[in-house]
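To start, the structure under review is shown below, and the notes come after it.
Residues: numbered from 1 along the sequence shown. Keep in mind it's a predicted model, so treat the numbers as computed, not measured.
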Amino acid sequence: MRVMELEMNVRHGELSFLKKDVYNLFTKNHKLHSQNDARELLEYCKSAKSENLNFQYAFTLDSENRLEHIFQCHAHCFELYQKYGDVVVNDTTYKVTSYDMLFDIFVGIDNHGRTILIGYALLRNEKLNTI
């Protein structure tokens, strides 16, 4: 709300707005910053890999050079996978509507029966040869 007050140049607490105004602000912000999301994500992965070789990622680009699929496994998750990776389950029931991609999580179970996160992926489709 403070951002809207600053944009409208009114004192704190004197802004009259509707829920729709807040939604419009988020939509505008998303449009401004979503142009480079994929590039920034790939730059983050490259940087994380250079800092720690156990950070794992893989990605594919489509024919128009857009990000098609990406898989990430942070260093501590990779260590857990190496230790408890006997059974790994993945679940693609989540859909990231902003990008029209599936969110796929890979989980395992440690020796105490607790669920551990191993990795995650954003996928355009669920084909067998994906990444």
Side-chain angles (χ1 to χ4, degrees):
M1 290 197 284
R2 184 67 181 133
V3 173
M4 292 182 73
E5 290 171 338
L6 292 171
E7 279 189 1
M8 301 299 287
N9 197 26
V10 297
R11 286 188 284 179
H12 183 64
E14 294 184 2
L15 179 67
S16 60
F17 61 91
L18 302 172
K19 187 176 180 179
K20 179 75 173 161
D21 296 325
V22 175
Y23 175 79
N24 288 341
L25 177 67
F26 284 125
T27 302
K28 178 182 172 185
N29 190 38
H30 175 73
K31 285 180 182 178
L32 285 174
H33 298 286
S34 66
Q35 297 295 326
N36 298 316
D37 283 355
R39 183 179 306 117
E40 290 173 4
L41 177 60
L42 293 174
E43 287 172 7
Y44 165 78
C45 290
K46 185 177 179 181
S47 172
K49 182 70 172 181
S50 69
E51 291 175 15
N52 190 328
L53 294 178
N54 281 339
F55 180 87
Q56 305 294 318
Y57 75 104
F59 66 95
T60 59
L61 302 174
D62 65 11
S63 60
E64 296 176 15
N65 210 27
R66 294 180 305 172
L67 185 63
E68 187 173 31
H69 311 294
I70 186 163
F71 169 81
Q72 289 185 30
C73 177
H74 290 272
H76 67 281
C77 295
F78 185 67
E79 292 165 8
L80 290 172
Y81 170 71
Q82 290 177 318
K83 192 172 183 180
Y84 307 111
D86 295 338
V87 176
V88 176
V89 178
N90 75 307
D91 181 12
T92 58
T93 58
Y94 302 103
K95 182 103 171 177
V96 180
T97 57
S98 297
Y99 302 101
D100 195 30
M101 298 177 85
L102 296 167
F103 181 66
D104 190 0
I105 58 173
F106 296 84
V107 295
I109 298 175
D110 69 8
N111 60 346
H112 298 288
R114 294 179 297 206
T115 304
I116 54 172
L117 176 66
I118 293 174
Y120 47 93
L122 288 170
L123 310 169
R124 289 261 178 237
N125 59 54
E126 293 182 89
K127 293 180 183 174
L128 189 58
N129 64 350
T130 300
I131 297 192

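- Between the CG atom in L122 and the NE2 atom in H69 there is a gap of 10.5 Å [rounded to 0.5 Å].
- Taking all atoms of both residues into account, the shortest heavy-atom contact from L117 to L80 is O-CD1, 4.4 Å.
- Ring-plane geometry between F55 and Y57 is classed as tilted, the angle between the planes lying from 30 to 60 degrees on a 0 to 90 degree scale.
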Under the ring pair (Phe, Tyr, Trp, His ring centres under 6.0 Å) rule, what do F71 and F106 come out as? Steps first, then yes or no, please.
CA-CA 10 Å; F71 169 81; F106 296 84; 5.5 Å; yes
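- For NZ of K49, the number of neighbouring non-hydrogen atoms (other residues, nucleotides, ligands) closer than 6.0 Å is greater than 12.
- Annotation for I118 and G108: closest pair CD1-N, 3.7 Å, computed over non-hydrogen atoms.
- A distance of 10.0 Å separates CD of Q72 from SG of C77, quoted to the nearest 0.5 Å.
- Within the model, atoms CG of D100 and CZ of R124 stand 6.5 Å from one another, a figure rounded to the nearest 0.5 Å.
- Counting only heavy atoms from C-beta outward, the side chains of L42 and I70 approach each other to under 4.5 Å.
- For residues 65-79, every residue pair satisfying the salt bridge (Lys or Arg N to Asp or Glu O under 4.0 Å) rule, not counting sequence neighbours, is listed here: D62-R66, E64-R66.
- Distance check: L61 CG to L67 CG gives 6.5 Å after rounding to the nearest 0.5 Å.
- The CD1 atom of I116 sits 8.5 Å away from the CD1 atom of I109 when rounded to the nearest 0.5 Å.
- Taking the six-membered ring where the residue is Trp, Y120 and H74 present tilted rings, their angle falling between 30° and 60°.
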